[in-house]
Structure formats: C-alpha cells, structure tokens
Number of protein chains: 2
Amino acid sequence: MQARERLVTSAQELMAERGYGGMSPRAVQDRAGAGQGSMYHHFTGKADLARAALDRTAADLRAQAATVLDGPGSALDRLVGYLERERDVMRGCPVGRHAQDPGVIDTGPLRAQLDDTFTWLRTRLTTLVTEAFGDRVDAAALAATIMATVQGGYVLARAAGDPRPFADATDGLAGLLITLGGPSCT
Amino acid sequence: MQARERLVTSAQELMAERGYGGMSPRAVQDRAGAGQGSMYHHFTGKADLARAALDRTAADLRAQAATVLDGPGSALDRLVGYLERERDVMRGCPVGRHAQDPGVIDTGPLRAQLDDTFTWLRTRLTTLVTEAFGDRVDAAALAATIMATVQGGYVLARAAGDPRPFADATDGLAGLLITLGGPSCT
DNA sequence: GTCTATACAACGATAGAC
DNA sequence: GTCTATCGTTGTATAGAC
C-alpha cells in the first residue's frame, strides 16, 4: 500500500480513538510506518491530514446509512431500521463525535464536513418521514429528532460506560414512530 | 474571593470553552490570577481540578433542570418544558459535551460524574413520563429518548454552526409527546 | 498559601540530505 | 518520496524560597 493511503487510514483510526485534538501527527506516522517527511510531503499539516481522513470516514458513513435508507421495506420500516441498525456504540459516531472538539469546530473545512454529512442525512430522512406520515407531522423537525436521538444515544452510552442507554433511546423513539404510524383517530 | 474558589470557577469556564483535553492547568491559573504553587497546593493535578469544576457544573445543571421538572403544570407540560427550556446551545451541554473526550471517559471519577448526572435526570424523567402516559409507553426508554434528543441536538447544532437543528429536534419530539398525550383511539 | 524557577516530555512544523 | 535532525512552544508537574 502507498504511504499516503496508510497515513489516511491511520488518521481515521486515531481520530476515532482519540478525537482530532488527541490525534498527533507523530502518532499517525508511527501507526502508518511513515516518517515526518513523508507525511508533510503528502499533507500540508495536521488539519489537512484530518480533512482527508474525515472525508473518507464521512463517505463510508453515508454509504452505510444509504444501505438502510434506500433499502427494502416501507418508509416507516426504513426509519425504524435506521434507528435500530447495528453500531459500534461505545466508540461514538465517527462523524458526530467531533462536534464537541473546538479544534474541529473552529477549523472551517473540518466543521463543513460534519455539516455536509448531517445535511445529507437530514434530506434523506425528511423524505422518508414525509412518505411515512404525510402532513401529520413536521417532517423536517422529526428528521432532526431522529438524528438527535442517535447522536445523543452515543453521548449517554459513553457517559454510562454501557451501550444500553443508546438502545433505550432509539427504542423509545421507534416506539413513538410505530404508534404514530398505526391506526389514526380521524 | 479565595484562590481555590477562583481556580474552580476558571476551570469550569475553560472546560466549557475548550473541553477537558483542551484545558491546561496553566491557562486555568492565568485566568484565576493564581500561580503554579497555589494550584498545586489546592489540587493534586489537572484531573483533580477538573473533578472539582465538573462537580460544581453538574450540581448547577441539576438545579436548573429541577426548576422545570419539579415546577408547576402537568407532567406533560413539564416534559415539554424541559425539552424547550432555554439553553446556550452553541456552547454545548456543560456535562454531556465531555462524553466524547477520552481524557474524561478514561478517568474514573470524571466519567462517574457524567454518569451520575444522567442517572439522576433519567430517574426524574422516567417518573414524569409514567405520570404523563401511564403504561401506554416504555417509560424508561422514552426518558432516554428525551435525554438523547437534547444531547444530540447540541451535536447537530454545533456541527451546523447554527442553533436551529437543536430547536428542530426538540420541537419534533415535543410534537410527538403532545400527540401521544392527546385523545387516544381506544 | 503563594511565588518563581526549573524539569522533561510531547506537540506541530521545518530543513536539508538522499 | 522518504529519511533523520532540529526548532520553538506548550503541557504537566516538581522544587524550594518566602
């Protein structure tokens, strides 16, 4: 494998493990088996390396989400499927976890990648919510609720040192959606 | 004011601004107008200082939450009131924002304070959910959903650089709760 | 209790040889 | 493209005087 490739992969891993602030260029180099010179040849610095890593991580995440969102089943099935899909909960969201890091939020291109990813997801979810519930709900708001419940589930699970709060949160919301999708009173 | 007091306050501020990983003892000292010796006289080190700061921050947060949760109105009113209460969204949750920081999660006493705070909140919310909806829902799960929506709302807002996603997420969940609390089909 | 001085490692980046 | 050497800064903590 090429050095540039190994550097990106190592940066992805270290950002997942330690966050952007905790990812040192030297640690990336060590893991990639590359020297200082190699890294600074391929990237202008830490932020540039992180951008390449985050771009790839975000693309992977969108691809995984799309598998469920564009998959088989009714719109409601797919929304519940998205909520309940398997995740490495204790690791945190590979994208969302960086939203608390000032080093990311204050670095334009890095925050933009977070924003782009969530905007992409919001669009997909809003469509499905509309398809599932019509105008019985505010689709944009409910799409945000779904995303927030997932992101917050990671927070609660990591705080608890236990993945159960994540499952509780998504189960709770899935229950509400299924109830809402049931026989209406009108 | 005593030096110890100023150190704790400064540490609270810096943890809110930069996170635990981004809070350097020296920066705390500078802000508090205290020297190295003073800080290391009152605290054993950075983790100990952070623990004191986080203890106080968490206590403040519980007090604010209790104002709404134990306040006037029906159980449903108070749940919606909790979701919609005013928050400094772009700053992030003073407690939950630390759940992504490995330095916090890997430091027993610090993570324990996050866990204790969310456990306290979960208990309060579960009671209110039961009061509001009886056994029409899984109260523990829905309490987790409420907490996760708030925590995730912070994540989405910071990623977007805009507080609106927070309001969308909480509004969406509040809408579901109000619908659920309305006339039932049975 | 508080101060200044110091230690020592890690950080992020650059220089220049090969 | 990759290496090693080096730079200046900051992080965290200790030492010892006052």
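We use all heavy atoms of the structure for the numbers below, so side chains are in, but hydrogens, waters and symmetry mates are not. Residue numbering restarts at 1 for every chain, and letters A, B, ... go by the order of the sequence lines.
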Once side chain to side chain contact (heavy atoms under 4.5 Å, CB included) is applied, do any residues pair with R51(B), and if so which ones, sequence neighbours excluded?
D48(B), D55(B), P109(B), L110(B)

Looking only at non-hydrogen atoms, find the nearest pair between A160(B) and D115(A) and report the distance.
CA-OD1, 3.5 Å

Nearest to the side chain of A34(A), which nucleotide is it out of dT14(C), dT14(D), dC3(D)?
dC3(D)

Whole angstrom is fine here: how far is it from CG in D48(A) over to C1' in dA13(C)?
14 Å

What integer distance in Å separates R4(B):CZ from dT2(C):P?
11 Å

Can you tell which of dT2(D), dG12(C), dT12(D) lies closest to the side chain of P25(A)?
dG12(C)

side-chain N/O H41(B) vs dC3(C) OP1/OP2, d < 4.0 Å:
no

Applying side-chain hydrogen bond (donor to acceptor under 3.5 Å, both in side chains), can you list everything that pairs with D162(A), at least two apart in sequence or on another chain?
R164(A)

So, the side chain of R18(B) versus the backbone of P102(A): is there a donor-acceptor pair under 3.5 Å, distance only?
no

Among all residues two or more places apart in sequence or in another chain, which pass the side-chain hydrogen bond (donor to acceptor under 3.5 Å, both in side chains) test with T107(B)?
none

Please state how far atom CE in M39(A) lies from atom P in dT2(D), giving the value in whole angstrom units.
13 Å

If we fit an axis to the first five pairs and another to the last five of the helix from dG1(C)-dC18(D) to dC18(C)-dG1(D), what angle do they make, to the nearest 10°?
10°

Under a 3.5 Å distance rule, please check whether R78(A) uses its side chain to pair with a backbone N or O of G73(A) as donor and acceptor.
yes

With hydrogens left out and only the distance checked, is there a donor-acceptor pair under 3.5 Å joining R26(B)'s side chain and the base of dT10(D)?
no

Is there a donor-acceptor pair closer than 3.5 Å between any side-chain N or O of R97(A) and the backbone N or O of A16(A)?
yes

Per-pair distances, 0.1 Å, donor-acceptor, side chain in residues 167-183 of chain B, under 3.5 Å, sequence neighbours excluded:
residue : atom : partner : partner atom : Å
T170(B) : OG1  : F166(B) : O            : 3.1
T170(B) : OG1  : A167(B) : O            : 3.2
T179(B) : OG1  : G175(B) : O            : 2.9

Send over the distance from R18(B) CZ to dT10(D) P, rounded to a whole Å.
13 Å

What is the distance, to the nearest angstrom, from the NZ atom on K46(B) to the C1' atom on dT10(D)?
12 Å

Using atom names, set out every protein N or O paired with an N or O of nucleotides 15-18 of chain D below 3.5 Å, distance rounded to 0.1 Å.
none

Using atom CZ of F43(A) as one end and atom P of dG12(C) as the other, report the distance to the nearest whole Å.
15 Å

Quick one: which of dG12(C), dC3(C), dT12(D) gets closest to the side chain of S24(B)?
dT12(D)

Whole Å only: how far is the CD atom of Q29(A) from the P atom of dG1(D)?
17 Å

Mind checking the CE-CZ spacing from M147(A) to R124(A)? Nearest 0.5 Å is all I need.
12.5 Å

Interatomic distance where CE belongs to M23(B) and P belongs to dG11(D) [whole Å]
11 Å

